[in-house]
Structures are given as C-alpha cells and as structure tokens.
Number of protein chains: 2
Amino acid sequence: MDTERRAFDVMSPDCPSRSIMQRMGDKWTPLVFLALESGPRRFSQLRQDIGGVTPKVLTQTLRSLERDGLLTRTIYPEVPPRVEYELTELGATLLGPLEIIREWSQDHAEKILRARNDYDELNEV
Amino acid sequence: MDTERRAFDVMSPDCPSRSIMQRMGDKWTPLVFLALESGPRRFSQLRQDIGGVTPKVLTQTLRSLERDGLLTRTIYPEVPPRVEYELTELGATLLGPLEIIREWSQDHAEKILRARNDYDELNEV
DNA sequence: TAATATGGTTACCTAATGGATACTGAACGG
DNA sequence: CCGTTCAGTATCCATTAGGTAACCATATTA
C-alpha cells in the first residue's frame, strides 16, 4: 500500500531511519543478534559467545536493543537471578540482513586486508 | 570449496572481518555507497547528495574506503580541479547487502520509533 | 561471619570521533 | 587586483565510546 510514497528516506539528514541504520552497524549489535539467533540466552552466555565485550558495554547494548523493541529482557525471580534475552519478532526480521552482511565481511576480508596493505605501502614510504 | 573451514569468523574478537563489518555501519559509509550506486560522482556532488556531511568527514570517509579498495579516486588535472569517486568491482559487491539494510531501516523505522516512545514512557515517569 | 555466584549498576577516566568554522592553492574572468 | 570555483586542510571544541574497578542484593554453603 505504501509503494508510492516512502515515509522514510535514509538519504535525508533528519530522517529517523538514518539513526536506525547507523545503530545496526555499531560495535556489538550485530554480534548480539548472531548470538541470539538460535534462541534465548543469558547475560553471561552472551558475554562468552561474544568475545571481548565488557559487562557495562554489553548491558548498554542490550538495553538499547530492548528499547527499540528488538529484544526482550525477562527476569526470573530466582536465586541467583536469571535473566534471559530473546529476539522479538521485529528483531528476528533483522537476522536475514545481518547474515548477509556477515557473509560479505567474511568472504571479502582477505581482499580488503590486501588492499589496505597495498595502499599503506604506497602512501607511507 | 571453503565450505568446511571459515578463514574468517566475525564472532572471534581478533578477526579482521569484525572491523570490516563495523565499518560498513559507520555514519556515512552507506550513504556514500548509495550515492555512488549509479556511477562516478565528484566531491561536491557527494556533499550535496548526502545531506549534513562536513567536508572533513566526507574526506575521511572517502579516503578510508579508497584504502580498503572499495572505491577509486581519480584526479583530473584541470582548473578548477575535478576529482571523481567511483566504486570498484569489490565496492559494487557491497551494494546489494547495503540496499537490504536500507530497506529494512526504512520499512521498520516507524515500529522502532514507537517502541522507543513506549519504553521511554514506561521508564521515565 | 564470610565466601561464592549471578546479573548486573555506578562512578570515573581516557582516547577517539564528530563537527563547525575558517582557510588554502591555482587558474581564470573581469 | 579581486572574486569565484573546486577540493579539500587546519584548527579547535564537544561529545561519545569504551574500558576499569568497585559496588549491590540475595541466598546458599561452610
């Protein structure tokens, strides 16, 4: 129904879709998604799945994704506490696009690293 | 042929593909790509196509993409100077994935903005 | 009493990034 | 001699990202 007019346009400086597009390229968001791909995970499981993330930053990332309705945070009133994170339906629709980006990155990493070396050799002599 | 072993794995903290994945989500890179989709463009054309980018930042972005072999920078020795940017073959392979991200962002922007509002109302009262 | 485990939060700090603004160089037009 | 065009640089400042380390609440175990 909305084929004629685009409500959002990423090329427009003030369009909110632009900030959304940016966020999905932030440092940890894609990795959180890939880790949640196969089902709900606990906080410390995510920490292990994603190498090198500090708890603070992981918390920030998760909160921000929760705020955007991309995942849910469920607290189970047990001791010790258990908190599970799970993609929402909306969040799951992002898995496809992210998987494509991931494959591209992995498939072309070698070429890019070579290009960087060539460039640096030419311009740093 | 490389179905068995992955040379690069974005889930590994030290893998270079990770930095590559991150870069394609930076603020201006996707917009540069979309602007170059239909052919070479000059510096000031890009500035206009992409709203709100300062020359310094645009230069940084373009240089970084050139370094990675994703676009070429051609200087024509004229006066006033003319510099054209054009996607390389490698760069062009990124257009598909980026287009998918763009569509996702535009299609789901409204839902996400609504989720943000709901979240903020619940947690800021 | 205290250590342990979980799932965080908070305060604090630094380095890098982003952005605004003004300026340069080189040739041409007037 | 001055202004204009193009493609950037230079300079400065504010914001942010990310990291470290300490802390909290709770119940169990010893």
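Chain letters run A, B, ... following the sequence lines, proteins first and then strands; every chain starts at 1. For clarity, every value in this text was computed on a predicted model and none was experimentally measured.
Hydrophobic cluster membership for A:Tyr119: none, as no Ile, Leu, Val, Met, Phe, Trp or Tyr side chain comes under 4.5 Å of it.
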Letter per nucleotide, 5' to 3', of nucleotides 6-19 of chain D [B base touched, S only sugar-phosphate touched, - untouched; heavy atoms, 4.0 Å] = BSBB-B------BB
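For the pair A:Glu78 CD and D:dT28 P, the computed distance is 12 Å after rounding to whole Å. B:Ile75 places its CD1 atom 14 Å from the C1' atom of C:dA26, with the value rounded to the nearest Å. At whole-Å resolution of the value, CD in A:Glu66 and P in C:dT9 are 10 Å apart.
When each of A:Asp120, A:Asp118, A:Asn123 is paired with B:Arg67, the side-chain hydrogen bond (donor to acceptor under 3.5 Å, both in side chains) condition holds for A:Asp120 and for no other.
Atom CD of B:Glu110 sits in a sparse spot, with 12 or fewer heavy atoms from other residues, nucleotides or ligands closer than 6.0 Å.
The distance from the CD1 atom of B:Ile112 to the CG atom of A:Leu70 is 5.0 Å, given to the nearest 0.5 Å.
Cluster annotation: A:Leu65 is connected to A:Val57 through the hydrophobic network of ILVMFWY side chains, with a link wherever side-chain heavy atoms come within less than 4.5 Å.
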